[in-house]
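The next block holds one structure in the form of structure tokens; read it before the comments.
When a ligand or atom number is given, it counts from 1 through the structure's own listing order.
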Amino acid sequence: MQTFFAPGRINLNGEHIDYNGGLVLPIAINLGITATVNFRKDSLLNIQSAQIKEALNIDLNTETYEKRTTSWQNYPLGIIQYFKNNNLPLAAADISLHSNLPIGGGLSSSAALEVLISFVMLSAAKHNLLNKKTAIAQLCQQVENEFVGVKCGIMDQFAVAKGKKNQAMLLNCNTLECQYIPFDLQNKYVLVLMNTNKKRELADSKYNERKAECDAALQQIQQHKPLQYLCEAKLLDIKKIKESILQKRATHVISENERVKKAAVALQNKNFATFGRLMNESHESLKIDYEVTGFELDTLVEICQKTKACIGARMTGAGFGGCAIALVEKKQVSGFRQQVKTEYDEKTGLSLDIYETTACEGVVNL
Ligand code: GLA
């Protein structure tokens, strides 16, 4: 028996810009998916999860797999199909999953599952791709884009595969160059993660709609300037875009990329006041210009921001529900947790889950 673990991720700043060639600042977290694996001698692959009812039972000798309606199964199926198409090794196995990541909560449970299954298969064969985690992240992104059908960027898969303990990753999503920056809150602050428990309905289609809007905005700017990605544009270039809705989307993307640059410097210099302010500004931009927050996330972030203990708060991940993060004074964190939960639950009728987290290792064979 072997055990593997793939973490979820939080993005500290830089939302919805990975697919626009921008900079992002994620960390892998201490919540994730554990796989207990018994390899088999035949050609069967059985994956079951303690959290989800429908198990996946397939014969690896089957030629092709179609997308299924049980959505979680499409992540492993997509990986298996990719491995087949690219002559990568597959191993028959009984895999038992256990997740303490809120499923569909915007902490990259899907990327964690993709990376985990890839890692299990490559480990069985001791394949040399195991040491090429960037390539693993890329193939997982391709599966999500093509098999699952979400036009996501590389951030989640990259963070899950290449996270480092106590380090944030400043990732250039155009070049895939990654600079690790110490995520050291100096025993003064705590990173609080909060799940709104608002279901992320239609999140995939709205996500793809935002991506299409960015592509349209880029095309209009490209008629005046040779750019490859929207993040290369300047705020002045927005004048070249005709539709006001596309102007707003581009305003978010370009300003968010600048915020990440500043946030990385602030983190490096342990300037947490600036780091927190940039979190607040990012949320505002995601709310007003990118319109991916919604009532629950906005209510939560507003409650956090008005507490004395909080020096910055924002949604994290794709939005449309899901999770938010806050940087909170350590001494006041228990009062903060209590106050925020009481107020959020009262205002939304939902029940807020709160965790404290820090930067952790990426996928591992335990
Ligand atoms: C999802 C996607 C990522 C990224 C974020 C928003 O998590 O999978 O690629 O675009 O949304 O920043």
Kindly confirm or rule out an N or O of [X] lying under 3.5 angstrom from an N or O of ligand 1.
X: H16; answer: yes
X: C152; answer: no
X: S108; answer: no
X: R9; answer: yes

- [ ] Say whether, by atom type as modelled, one donor and one acceptor occur between the side chain of N30 and the main chain of T357 under 3.5 angstrom.
- [x] no

Open item on the list: Given 3.5 Å as the limit, does a donor-acceptor pair link the side chain of D345 with the main chain of L352, or not?
Closed with: yes

Checking a contact table here: which protein heavy atom is nearest [atom], and how many Å away?
atom: atom 10 (O) of ligand 1; answer: Y207 OH, 2.5 Å
atom: atom 3 (C) of ligand 1; answer: D18 OD2, 3.3 Å
atom: atom 7 (O) of ligand 1; answer: D156 OD2, 2.7 Å
atom: atom 5 (C) of ligand 1; answer: M155 CE, 3.8 Å

Find all atoms of ligand 1 within a distance of less than 4.0 Å from any non-hydrogen atom belonging to [X], and give their numbers and elements.
X: Y19; value: 10 (O)
X: A318; value: 1 (C), 11 (O)
X: G153; value: 9 (O)

- [ ] Looking only at non-hydrogen atoms, find the nearest pair between C310 and F336 and report the distance.
- [x] CB-CE1, 3.9 Å

Open item on the list: For a quick check under 3.5 Å, do N174 and Q228 share a side-chain donor-acceptor pair by atom type?
Closed with: no

Task: Side-chain donor-acceptor contact under 3.5 Å, T134 with K162 - done: yes

Open item on the list: What I'd like to find out is whether the side chain of E296 reaches to under 4.5 Å of the side chain of Y344, using heavy atoms alone.
Closed with: yes

TODO: Evaluate the side-chain proximity of I154 to L171: yes if any heavy-atom separation is below 4.5 Å, no if none is.
DONE: yes

Open item on the list: Whether K164 engages the ring of Y180 as a cation-pi pair (distance to the six-membered ring centre under 6.0 angstrom, angle to the ring normal within 45°) should be assessed.
Closed with: yes

